[in-house]
**Q** 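Below is the structure I would like to discuss, written out as structure tokens.
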Amino acid sequence: MKNKNVKLSGSEGFDSFYSDIFGGRWERLKASLTPDNVHAEISFEDCESYFLDPASVVSALCLPMKDSERVVDMCAAPGGKTLVLAGNLMEDAVQFSNERSPQRKGRLAKVVQDSLPADISERIRTSCSDASTWCRRESENYDSVLLDAPCSSERHVLNDSKYLNEWSPSRVKTISMEQWALLSCAFRLVKAGGYVLYSTCALCPQENDEIVRKLKKKFDNASLATRDEMKAVFQENLASYKGKIKAPEGYDFNDIFEKAENTEFGLHVLPDSSNGAGPLYFCLIKKL
């Protein structure tokens with residue numbers, strides 16, 4: 001066991017861990033993670049453009065916004081998904097975008113100010129707090145909640161030798177505990193009939209389907225949307241977006257959605273099969 005634990009650390013351990021998950025696909029998938037991400041562009045008239053992974057656009061557009069008067073982006077920095085949600089915010093709706101890091105919250109506030117027109121930005125409330133404790137202060141008070149949870153971010157690990165050398169399975173375990181605290185809080189925050197979109201840029205099931213499995217086990221009123229239901233929401237939000245969302249040259253948002261792979265509970269955009277977009281896991285949950 002001591003030798004096994006030594007092996008499952010650093011670069012060698014990282015490869016062993018993900019080879020167990022993806023088998024012979026791992027080397028191809030790993031190679032697709034090392035180049036720079038492709039970027040979609042979000043722009044509003046007379047505002048600064050914002051660039052983000054096109055898979056992030058696709059996932060955030062799967063959160064129902066129609067008839068949502070109070071919307072939450074729980075872990076919002078640096079701000080890309082906040083902009084995606086804001087473009088479908090109803091005229092009288094308010095959006096609460098939170099970030100626990102004061103420095104990152106400052107960046108989030110600047111993105112909201114610089115990249116959204118005043119009639120939308122004035123209805124975005126940015127805050128700085130630990131989102132996992134939010135439900136201690138209130139519950140069932142929001143219509144739509146986006147939780148783009150902190151995750152292992154294997155693309156970042158692979159492209160930073162310091163993080164790769166320090167990697168171990170305990171990183172996944174620690175982060176998954178945080179993700180569970182955030183998702184269970186998000187579900188408590190949303191009203192009956194409302195929706196939570198859970199997403200990560202992680203590869204491993206422990207941070208994706210397994211977190212959703214825990215939610216289903218704890219809350220019998222958690223209902224998972226089908227692929228077709230998510231697709232309908234995605235296409236409606238994309239068509240009605242108030243600003244402009246431009247896919248990278250040679251890419252199409254509908255094609256990225258179609259290439260997302262089914263998991264037990266959600267969808268997973270993987271860069272080796274999506275021409276570099278992702279990785280991005282997402283799952284839409286309705287509170288019955």
Side-chain angles (χ1 to χ4, degrees), residues 14 17-18 21 33 37 52-53 55-60 62-63 71-85 95-109 111-112 126-136 142 145-160 162-164 166-190 196-215 263 265-271 278-285:
F14 186 87
F17 184 84
Y18 287 97
I21 297 173
L33 293 169
N37 291 51
L52 72 167
D53 191 307
S56 294
V57 173
V58 170
S59 66
C62 288
L63 180 66
V71 177
V72 170
D73 186 355
M74 288 183 72
C75 303
K81 290 188 177 71
T82 277
L83 300 184
V84 177
L85 298 183
Q95 181 173 316
F96 302 85
S97 293
N98 177 74
E99 173 56 43
R100 69 180 178 183
S101 161
Q103 182 178 4
R104 285 168 58 82
K105 187 267 182 181
R107 182 180 175 189
L108 168 66
V111 167
V112 169
T126 59
S127 59
C128 183
S129 70
D130 179 357
S132 67
T133 65
W134 196 334
C135 56
R136 298 178 188 174
Y142 301 93
V145 177
L146 170 65
L147 170 57
D148 183 40
C151 68
S152 287
S153 187
E154 292 89 350
R155 183 189 285 273
H156 179 66
V157 171
L158 273 173
N159 287 283
D160 191 311
K162 176 178 180 292
Y163 286 111
L164 184 59
E166 294 175 351
W167 183 92
S168 74
S170 63
R171 172 184 171 88
V172 174
K173 183 177 180 180
T174 299
I175 290 174
S176 64
M177 292 171 63
E178 179 183 5
Q179 291 163 338
W180 165 240
L182 287 164
L183 182 56
S184 58
C185 181
F187 195 73
R188 290 181 171 95
L189 286 175
V190 76
V196 175
L197 184 79
Y198 175 69
S199 68
T200 81
C201 58
L203 291 174
C204 60
Q206 293 95 319
E207 299 182 46
N208 298 330
D209 272 350
E210 293 307 315
I211 304 299
V212 177
R213 189 188 308 281
K214 290 182 69 171
L215 189 80
T263 68
F265 301 128
L267 301 178
H268 210 176
V269 177
L270 293 170
L280 211 298
Y281 169 89
F282 53 102
C283 175
L284 181 61
I285 307 156

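These values consider heavy atoms only, across backbone and side chains, with no hydrogens, waters or symmetry-generated copies. What you see is a predicted model; the values in this text were computed from it and never measured.
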**Q** Shortest non-hydrogen contact from Tyr142 to Val72?
**A** CD2-CG2, 3.3 Å
**Q** Start with the C-alpha gap between Val172 and Phe17, add the side-chain angles, then the distance that decides, and say whether side chain to side chain contact (heavy atoms under 4.5 Å, CB included) holds.
**A** CA-CA 11 Å; Val172 174; Phe17 184 84; 4.2 Å; yes
**Q** Is it true that the side chains of Ser152 and Glu207 contain a donor and an acceptor less than 3.5 Å apart?
**A** yes
**Q** Please find the pair of heavy atoms, one from Cys128 and one from Ser101, that lie closest to each other, and give the distance.
**A**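 Looking at all heavy atoms of both residues, the shortest contact is SG-C, 3.9 Å.
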**Q** How many angstroms lie between atom CZ of Arg136 and atom SG of Cys185, to the nearest 0.5 angstrom?
**A** 8.5 Å
**Q** Can you name the nearest heavy-atom pair linking Leu63 to Leu85, along with the distance?
**A** CD2-CD2, 3.8 Å
**Q** Please report the C-alpha distance between Leu33 and Leu203 in whole Å, then the side-chain angles of each, then the deciding distance to 0.1 Å, and finally whether the side chain to side chain contact (heavy atoms under 4.5 Å, CB included) criterion is met.
**A** CA-CA 11 Å; Leu33 293 169; Leu203 291 174; 3.8 Å; yes
**Q** Does CZ belonging to Arg171 count more than 12 external heavy atoms closer than 6.0 Å?
**A** yes
**Q** Just do the side chain to side chain contact (heavy atoms under 4.5 Å, CB included) check on Asp53 and Leu280 with the steps written out, would you?
**A** CA-CA 9 Å; Asp53 191 307; Leu280 211 298; 5.9 Å; no
**Q** Just so I know, are the side chains of Lys214 and Ser184 near enough to count as touching, which here means a heavy-atom distance under 4.5 Å?
**A**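 Not in contact.
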**Q** For a quick test of reading the model, state the closest non-hydrogen atom pair linking Leu52 to Ser56 and the distance between them.
**A** CD1-CB, 3.9 Å
**Q** How long is the span from the CZ atom in Phe96 to the CG atom in Leu189, to the nearest 0.5 Å?
**A** 11.0 Å
**Q** Judged by modelled atom types alone, do Ser199 and Ser59 share a side-chain donor-acceptor pair under 3.5 Å?
**A** no
**Q** Evaluate the side-chain proximity of Trp180 to Leu215: yes if any heavy-atom separation is below 4.5 Å, no if none is.
**A** yes
**Q** Under a 4.5 Å cut-off applied to non-hydrogen side-chain atoms, are Ile21 and Pro205 in contact?
**A**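 In short, these two side chains touch, coming nearer than 4.5 Å.
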**Q** Between Asp73 (side chain) and Gln95 (backbone), is there a donor-acceptor pair under 3.5 Å?
**A** no
**Q** State whether the side chain of Glu99 and the backbone N or O of Arg104 hold a donor-acceptor pair below 3.5 Å, judged by distance alone.
**A** no
**Q** Write down the atom of Val57, the atom of Val84, and the distance for their closest heavy-atom approach.
**A**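 Taking every non-hydrogen atom into account, O-CG1, 4.1 Å.
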**Q** For Cys283, what residues pass the side-chain contact (heavy atoms from CB on, under 4.5 Å) criterion, not counting sequence neighbours?
**A** Val212, Leu224, Phe265, Tyr281, Ile285
**Q** Taking side-chain contact (heavy atoms from CB on, under 4.5 Å) as the criterion, tell me which of Ile211, Thr174, Leu147 meets it with Gln179.
**A**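 That would be Ile211; it is the only one of Ile211, Thr174, Leu147 passing the side-chain contact (heavy atoms from CB on, under 4.5 Å) with Gln179.
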**Q** Measuring from Leu183:CG to Ser176:OG, what's the distance to the nearest 0.5 Å?
**A**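 So the gap between those two atoms works out to 12.0 Å.
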**Q** Is there a donor-acceptor pair under 3.5 Å between the side chain of Asn208 and the backbone N or O of Thr200?
**A**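 Side chain of Asn208 to backbone of Thr200: no pair is present.
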**Q** Quick check against the 3.5 Å criterion: does Arg155 have a side-chain atom that pairs as donor or acceptor with the backbone of Gly278?
**A**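 Present.
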**Q** Report yes if the side chains of Val269 and Phe282 come closer than 4.5 Å at any heavy-atom pair, otherwise no.
**A**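 They are in contact (side-chain heavy atoms under 4.5 Å apart), so the answer is yes.
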**Q** How many angstroms lie between NE2 in His156 and SG in Cys201, if you round to the nearest 0.5 Å?
**A**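 Answer rounded to 0.5 Å: 10.0 Å.
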**Q** Check the pair Leu182 / Cys75 against side chain to side chain contact (heavy atoms under 4.5 Å, CB included), numbers first and verdict last.
**A** CA-CA 9 Å; Leu182 287 164; Cys75 303; 4.1 Å; yes
**Q** Please find the pair of heavy atoms, one from Ala109 and one from Thr126, that lie closest to each other, and give the distance.
**A** CB-OG1, 4.1 Å
